[in-house]
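For reference, the structure discussed in these notes is given below.
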Number of protein chains: 2
Amino acid sequence: MANLDICRDCAVRDQALCASLSDTELAALNTIGRRQSVGRGETVIWAGDESIVCANLLSGMLKLVAATSDGREQIVGLLHPADFVGQAYAGLADFTITALTDAELCVFPRAAFQRVLEDHGRMERLLLQRTLAALSDARGRMLSLARKSAEEKIADFLLQMALRASGTGCRATPDGPLTFDLPLTRGQIGDILGLTIETVSRQMTRLKGAGVIGLPGGRAVTISDRSALEMRARAA
Amino acid sequence: MANLDICRDCAVRDQALCASLSDTELAALNTIGRRQSVGRGETVIWAGDESIVCANLLSGMLKLVAATSDGREQIVGLLHPADFVGQAYAGLADFTITALTDAELCVFPRAAFQRVLEDHGRMERLLLQRTLAALSDARGRMLSLARKSAEEKIADFLLQMALRASGTGCRATPDGPLTFDLPLTRGQIGDILGLTIETVSRQMTRLKGAGVIGLPGGRAVTISDRSALEMRARAA
DNA sequence: CGCCCATTTGAAAAGAGTCAAACGTAGTGG
DNA sequence: CCACTACGTTTGACTCTTTTCAAATGGGCG
């Protein structure tokens with residue numbers, strides 16, 4: 001049965017919640033999980049719908065979106081490979097979850113997953129720790145959204161992206177300029193930072209004009225003067 | 001030993017995490033917990049300090065504050081009686097926790113508390129559920145902070161306070177005007193909503209001028225036209 | 001009674017949003 | 001291979017909300 005092999009070649013076997021399970025315990029999950037692909041832009045969970053699935057994100061990136069009744073939107077979280085998707089112990093989904101890129105999920109029925117969780121204290125503890133980290137992250141972001149200027153938000157964001165890209169990005173010298181591709185459109189950056197497309201664009205242009213960053217074209221960004229960028233992101 | 005009685009007359013015995021414990025299990029906590037009083041304005045935990053204590057809040061109200069290096073502040077969470085205080089599984093505290101009113105805590109050394117948590121799956125599950133709820137709340141607040149207008153924020157806030165006060169508040173008829181005291185200063189409201197004192201004050205005056213609310217004086221507020229207030233808070 | 005603190009009010013300035021149009025880039029099909 | 005199209009980005013001019021700075025008002029308490 002292919003299902004039994006589902007975890008053997010799992011890209012995130014050691015980073016996802018499953019890392020807390022032994023090979024034999026994994027068999028239990030195997031029987032209830034299934035792989036699922038979603039295309040860029042596809043929505044995995046709609047806010048308000050019954051929260052019936054949980055999943056591990058295998059590849060790609062998802063966004064959690066909160067929206068007002070009149071259509072204003074705010075990205076309230078990003079999910080990366082190995083992150084847990086969905087809300088255990090919740091009746092209705094609070095946020096809409098949509099794929100930012102093509103993505104692959106390892107999906108479980110929520111009720112069944114919850115049962116596994118209850119039987120495996122180590123796994124539940126891992127989920128608790130991740131949830132606590134997500135909570136701290138969300139609260140830190142509240143400070144940014146409410147109190148930082150557009151320039152601070154953009155500078156901060158670029159530094160974070162640089163950090164995440166420093167593995168894949170290309171740089172000439174260890175501490176020299178770093179170039180990488182932003183995996184997001186200006187609009188998506190705005191949705192994350194609580195800004196409009198135009199403001200994002202203008203701030204980028206402004207940083208470029210100040211010689212702090214370069215915009216070689218396409219979706220690429222070069223951090224020419226990291227410490228200057230850090231100054232502009234000063235607000236912790 | 002007085003310590004053994006610490007839980008017997010606990011005001012939040014059935015609402016706090018301890019509700020998941022039997023009387024006998026409670027004895028274990030009893031041996032490591034102690035009561036502590038803090039005065040209004042006193043800080044319980046400083047951001048950046050080693051996170052060495054956890055606690056249950058018995059009475060009063062605490063605020064979680066995030067701050068930028070140059071002094072801008074944002075309240076990122078409020079704690080009410082029976083809420084859990086502190087960060088399990090965290091090295092350094094991420095936020096400063098300060099008493100908004102005189103308060104009483106039931107304090108545990110973090111390491112010891114963590115051990116109890118690990119021995120009592122039901123308690124850990126309860127903490128997980130609370131943390132998940134706090135995360136949803138924080139994310140919802142991100143939408144408000146980033147996308148709502150000052151008027152929407154204030155209207156929303158007043159409705160929430162009215163809800164929480166509807167038990168204690170005073171009203172003539174079931175669906176008529178409701179009057180209650182705001183337990184916060186304008187400045188603190190601003191810190192919660194991401195606004196300045198002046199903006200909070202102006203919006204309140206504006207709502208009063210529109211006949212939606214009344215400001216009888218002191219810290220009191222009257223909701224005269226609830227549905228009008230709901231209209232102005234329209235953004236979910 | 002007077003002082004301290006929170007609140008209110010006013011006027012001016014700044015920051016970001018809105019509307020609108022031009023510009024680039026990438027991918028499609030002739 | 002080039003033209004066309006669709007989409008994202010940049011730029012400009014203008015508006016509006018909120019902040020900032022400043023001063024007046026008000027209330028509670030010693």
Side-chain angles (χ1 to χ4, degrees), chain A residues 39-41 68 70-74 100-102 143-158 181-210 213-222 232 234-235, chain B residues 40-41 68 70-74 100-101 143-158 181-210 213-222 232 234-235:
Chain A
R40 178 191 145 111
T68 61
D70 63 344
R72 283 169 283 175
E73 287 190 1
Q74 176 64 39
L100 282 172
T101 66
D102 289 345
L143 174 64
S144 296
L145 289 173
R147 302 297 189 185
K148 288 197 196 168
S149 69
E151 184 183 52
E152 287 170 325
K153 288 177 182 176
I154 294 287
D156 222 52
F157 174 78
L158 289 177
D181 272 352
L182 286 178
L184 302 163
T185 68
R186 298 284 185 269
Q188 288 166 339
I189 296 172
D191 283 348
I192 291 171
L193 301 179
L195 301 170
T196 60
I197 293 180
E198 295 94 327
T199 302
V200 173
S201 179
R202 272 189 253 271
Q203 291 299 334
M204 295 268 223
T205 310
R206 206 150 151 269
L207 287 173
K208 178 175 135 195
I213 64 170
L215 298 171
R219 202 146 287 170
V221 182
T222 303
R232 285 162 199 260
R234 72 184 118 61
Chain B
R40 178 192 145 110
T68 61
D70 64 343
R72 284 169 283 175
E73 287 191 359
Q74 176 64 38
L100 282 172
T101 65
L143 174 64
S144 297
L145 289 173
R147 302 297 188 184
K148 287 196 196 169
S149 69
E151 183 182 52
E152 288 170 325
K153 288 177 182 176
I154 294 288
D156 222 52
F157 175 77
L158 288 176
D181 272 351
L182 285 177
L184 302 162
T185 68
R186 298 284 186 270
Q188 288 166 340
I189 296 172
D191 283 349
I192 291 170
L193 302 178
L195 301 170
T196 60
I197 293 179
E198 295 93 327
T199 303
V200 173
S201 178
R202 273 189 252 271
Q203 291 298 333
M204 295 269 223
T205 311
R206 207 150 149 269
L207 287 173
K208 178 175 135 197
I213 63 170
L215 298 172
R219 203 146 286 171
V221 182
T222 303
R232 286 163 198 260
R234 70 181 123 55

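A note on names: the letters A, B, ... follow the listed sequences, proteins ahead of strands, and every chain is numbered from 1. Side chains included, hydrogens not; waters and symmetry mates left out as well; all remaining heavy atoms used.
- Spacing between atom CG of A/Leu182 and atom P of D/dG8 amounts to 15 Å, rounded to whole angstrom units.
- Closest heavy-atom contact between A/Gly194 and B/Ala146: CA-CB, 4.2 Å.
- Rounding to whole angstrom units, CD of residue A/Gln188 and P of D/dC7 are separated by 15 Å.
- Results of the side chain to side chain contact (heavy atoms under 4.5 Å, CB included) test with A/Ile154 over A/Gln203, A/Arg206, A/Arg232 single out A/Gln203 as the only residue that passes.
- Between B/Asp191 atom CG and B/Thr185 atom OG1 the span is 7.5 Å, to the nearest 0.5 Å.
- For the pair A/Arg40 CZ and D/dC7 P, the interatomic distance rounds to 11 Å; values are reported in whole Å.
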>> Please determine whether side-chain contact (heavy atoms from CB on, under 4.5 Å) holds for the pair B/Met204 and B/Leu182, giving the CA-CA distance in whole Å, both sets of side-chain angles, and the decisive distance to 0.1 Å.
In response: CA-CA 12 Å; B/Met204 295 269 223; B/Leu182 285 177; 3.7 Å; yes

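- In terms of heavy atoms, B/Leu193 sits closest to B/Leu145 at O-CD2, 3.3 Å.
- The interatomic distance linking A/Ile197 (CD1) with C/dA21 (P) rounds to 17 Å, in whole Å.
- For the atom pair CD of A/Gln188 and CD of A/Glu73, the computed distance is 10.5 Å after rounding to the nearest 0.5 Å.
- Between B/Met204 and A/Gly217, it is B/Met204 whose nearest contact on DNA chain C lies nearer the 5' terminus.
- Atom C1' of nucleotide D/dT10 and atom CD1 of A/Ile213 are separated by 14 Å, given to the nearest angstrom.
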> Could you run down nucleotides 10-19 of chain C 5' to 3' and tag each one B, S or - for protein heavy-atom contact under 4.0 Å?
Replying inline: BB----SSBB

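- Look at CG on A/Leu215: it is 19 Å from P on C/dC23, rounded to the nearest Å.
- If you measure from atom CG of B/Asp181 to atom C1' of D/dG28, you get 14 Å, rounded to the nearest angstrom.
- Among the atoms of the strands shown, base atoms are found under 4.0 Å from some heavy atom of A/Ser201.
- For the OP1/OP2 pair of C/dT7 and a distance below 4.0 Å, the side-chain nitrogens and oxygens of B/Arg219 include at least one atom meeting the criterion.
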